[in-house]
Amino acid sequence: DVSQRGLQCQVLNLRSSHFRKLNLVGEFLRLHTLNLDYSTMLSSFREDCFSSMPNLMCLSMCETRISNLWTTIAALSKLPSLVELRFQNWICCNDVGSSGSSVGDDQTGPSQPSNASHLEMPPISLNLLIDLDVMTEQAIRNLLPFSMNQNFQNANEDSSDDSEVDFSIHLENDQVDSSHSAPPGWNREINLPSEATSAALSNQNGEESSEGAISGHVADVSFKYISEHASPICFEQHYREFMIASIPQLRVLDNLPIRNIDREMANLTFFKHFERLPYRRSDKESVVSILQKREIRAIPSSFRTQKQMPMDPVGKSQHSYARSLCAAKMGSSAWPYMHSLSISGNDLGDENGSFRPRQFEYHPTNSSLMVFGTLDGEVVVVNHEKQKIVSYIPSFGTMNSVLGLCWLKHFPSRLIAGSDNGSLKLYDIQHFPSTSNGLRTASSVTFDEFDQLTSVHVNSTDELFLASGYSKNVALYDINSGRRLQVFTDMHQEHINVVKFSNRSPSIFATSSFDQDIKMWDLRQKPIRPCYTATSSKGNVMVCFSPDDHYLLASAVDNEVKQLLAADGSLHLDFQIPATGSSQNYTRSYYLNGKDYIISGSCDEHVVRVCCAQTGRRLRDISLEGKASGSSMFVQSLRGDPFRPFNMSILAAYTRPSSKSEIVKVNLLASSECNKESSSGGSSFPFNSM
């Protein structure tokens, strides 16, 4: 009620609130200070949040679950008066003592309960350049106008629903456990210099000091600052630079003042590592304006009026206009349209039936079709636009989890399916007997088994396919005869997780193994020795060719994603996605929009990253959120839509064992507020010719 109607207060204290998505859309015209500290369930904002707070100057969100840089900036951009922002509290060690349990007498930061426990991590460099000249420590702290009511309630209760906001808050002197739901390492420390030094300047260029901290002196005294109550967004790579570059009017971030040189360095860092809009478009442009320019250029020059003459003399191709439209649509909203593929066993007459997808593939020539395999051995062909089952292939007790799927390109009704028990079948969904419910049941051809299978792939002529799995071997099959032609043994030192044929050459294929090697092979040379070997620092989860076969995209454990030249395996681009430190964080990456962008996700993270395939710059992060409170999702697999720009599907699984995985469709060119019909939106055009 309050979030919709608003309040005529100047200071609003919503500490320890129980909400997941903030939706303050009412009129808060007089509000200048908003405190959301310790709202440990808060993970995101609704698209219209903060739209009616023209005078909000100070905003604090310490120890929340906010993590997405792009949606956060999109929400904060609606605050024209915002000058002080805080997602963590940098405080001086002299104030916190050995335990860091208080902020000091002036109460410039969020208070911390005396029973709070802390998790330590080594000091790190934030690449800050803080030149405070002759300012003393006390003068630094006097810069900070934040002073709020210190009362708050316990936030350890769990919410059972997905309500946007709970304003029934009792402001009491209860204590909050600041380590609640906090990942390891939520306390950090730096040495804050009081004047710029050459060492600090070198840190601005990406070189960290050996101690991993910034140091400086005034009268031979060094100030050390500790970060407390950090929200996850603070651990995003280049977080501080991203915030400073994106909010021009901001003067104080996380209790540290922003100087002109800090802003200049932040802008340089942002340009180096991020794309504000796709295809290097720098300014937002309306869709109507782009369409008008395109139509004016389509009019023969002899029929143009003076007002219709183009603004620039250089002509633009249709692909250039398509890219500009993509940039305009994506720039209009940071919240992509996302919805789960709603396919259940009800269409088969099973009222209690629901599928448990484990693998999926878009159809290569039919934009409406997708196939997915399940943990129960079923293969289901669906019209993902209409969310209807086209063909259903039951397991018949012979298939376990379906891990390998591949469509044939020249025979669009056929596909290969392989399961982890070694079963391999060719299905033709066109030649089928009618079933009682009108669905198609595919005819099949059975191949020799390949034990512990994990991957199958068909070559460009639909004559051969390869299978790999939890072994050092790869098997070659002839599709026309149904025979296994050969087994290539000991191709790697450890098991071969993925094998891929090139898109254009029927004899060239690549293998990726957990022995850290990517190898290129040629069937014409009877693969005994690879054409070349490229080595990663960790085990390789997968590899794939770019649509034009110019590049290989290699994904190793824990976000080690690199693009290699397919000709010789040399490194073309390292995407430098931050590692989590987990040896079980299996990363998968695929191309998007032809070879223009890549998408990457890992099984220990709830984020899909979109990066430019030519520069490595990050365009967007897509955060997956569970339907219920406390339910986290992670990326099990993902694919770019081959027909629609900036569309993809993500196989997302929940951390709760009782929850089932689901396929989530994502449209980056449509807003989250779109109606259902726009989910298949985005103009279709051939990516390969872009």
Side-chain angles (χ1 to χ4, degrees), residues 69 124-125 127 202-208 212 235-239 241-242 268-276 278-280 497-498 500 510-520 530-605 607-622 635 638 640:
L69 290 169
I124 65 169
S125 171
N127 293 329
S202 68
N203 280 340
Q204 281 299 303
N205 295 323
E207 299 176 6
E208 295 185 0
F235 296 87
E236 289 295 314
Q237 194 174 36
H238 308 298
Y239 147 77
E241 293 84 355
F242 192 100
L268 291 175
T269 300
F270 185 97
F271 180 79
K272 180 180 179 180
H273 296 284
F274 300 99
E275 277 191 355
R276 202 174 298 276
Y279 296 114
R280 304 183 186 183
N497 198 50
V498 168
K500 292 283 186 182
T511 54
S512 63
S513 169
F514 279 88
D515 65 1
Q516 303 182 8
D517 286 341
I518 299 285
K519 295 184 179 183
M520 184 75 81
C531 303
Y532 60 77
T533 300
T535 302
S536 305
S537 66
K538 302 170 187 175
N540 291 297
V541 180
M542 64 161 294
V543 66
C544 66
F545 287 83
S546 63
D548 59 5
D549 287 343
H550 288 175
Y551 303 105
L552 285 176
L553 187 62
S555 304
V557 172
D558 202 18
N559 293 327
E560 185 180 340
V561 182
K562 298 179 180 180
Q563 186 167 250
L564 313 175
L565 293 177
D568 58 8
S570 60
L571 178 65
H572 175 258
L573 188 62
D574 185 343
F575 290 92
Q576 297 182 344
I577 300 174
T580 65
S582 169
S583 61
Q584 306 298 315
N585 191 31
Y586 301 116
T587 302
R588 296 167 175 85
S589 306
Y590 286 88
Y591 284 96
L592 181 72
N593 293 19
K595 64 173 183 178
D596 295 341
Y597 287 86
I598 66 118
I599 52 176
S600 181
S602 301
C603 68
D604 278 355
E605 299 178 90
V607 174
V608 172
R609 299 171 176 92
V610 184
C611 302
C612 177
Q614 297 305 311
T615 65
R617 294 162 64 188
R618 191 99 63 87
L619 175 65
R620 286 286 188 276
D621 282 0
I622 304 165
V635 180
L638 72 171

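As the structure is a prediction and not an experimental result, all values here were calculated from the model.
At distances below 3.5 Å, not a single donor-acceptor pair connects side-chain atoms of Tyr590 with backbone N or O atoms of Leu553. Judged by distance alone, with hydrogens and angles left aside, the side-chain atoms of Asp621 form no donor-acceptor pair with the main-chain N or O of Arg609 at under 3.5 Å. Between the Asp558 side chain and the Gly581 main chain, a donor and an acceptor come within less than 3.5 Å of each other. In this structure, the side chain of Glu560 engages the main chain of Ser537 through a donor-acceptor pair within 3.5 Å. Listed for the Arg618 side chain is no donor-acceptor partner under 3.5 Å among the backbone atoms of His273. Ser589 contributes no side-chain N or O that, together with a main-chain N or O of Ser555, makes up a donor-acceptor pair within less than 3.5 Å.
For the 3.5 Å distance criterion, the side chains of Ser602 and Asp604 fail to qualify, holding no donor opposite an acceptor. A donor-acceptor contact under 3.5 angstrom links the side chains of Tyr586 and Gln584, judged on distance only.
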Check the pair Glu241, Phe274 against side-chain contact (heavy atoms from CB on, under 4.5 Å), reporting the backbone distance first and the verdict last. CA-CA 11 Å; Glu241 293 84 355; Phe274 300 99; over 6 Å; no
Starting from the C-alpha separation in whole Å, work towards a yes-or-no answer on side chain to side chain donor-acceptor pair (under 3.5 Å) for Thr580 and Glu605. CA-CA 9 Å; Thr580 65; Glu605 299 178 90; 5.4 Å; no
Test Val541 against Val557 for side-chain contact (heavy atoms from CB on, under 4.5 Å), laying out the working first. CA-CA 6 Å; Val541 180; Val557 172; 4.0 Å; yes
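Atom OG1 of Thr511 sits about 9.5 Å away from atom CE of Met520, to the nearest 0.5 Å. Note that the NZ atom of Lys562 and the CG atom of Asp574 stand 5.0 Å from one another [nearest 0.5 Å]. Summarising the geometry, atom OG belonging to Ser536 is positioned 8.0 Å from atom CG belonging to Asp517; distances are rounded to the nearest 0.5 Å. Note that OH of Tyr279 and CG of Asn593 are 4.0 Å apart. Values are rounded to the nearest 0.5 Å. Between the CD atom in Gln516 and the CG atom in Asn540 there is a gap of 7.5 Å [rounded to 0.5 Å]. Considering CZ of Phe575 and CD1 of Ile598, their distance stands at 4.0 Å, rounded to 0.5 Å.
In this structure, Gln563 and Tyr591 have side chains that are in contact, with non-hydrogen atoms separated by less than 4.5 Å. Side-chain contact check for Gln237 versus Phe242: every heavy-atom pair is 4.5 Å or farther apart.
Taking every heavy atom of both residues into account, Lys500 and Phe545 meet most closely at O-CE1, 3.5 Å. For the pair Tyr532 and Leu565, the tightest heavy-atom approach, listed with the atom from each and the gap, is OH-O, 3.7 Å. Minimum interatomic distance between Ile518 and Ser512 (heavy atoms only, all atoms of both residues): CD1-CB, 3.4 Å. Taking every heavy atom of both residues into account, Val608 and Val635 meet most closely at CG2-CG2, 3.7 Å. Residues His550 and Lys595 approach most closely at ND1-NZ, 3.5 Å, considering heavy atoms. The shortest non-hydrogen separation linking Leu638 to Gly601 is CD1-N, 4.1 Å.
The aromatic rings of Tyr551 and His572 sit tilted, their planes meeting at an angle between 30° and 60°.
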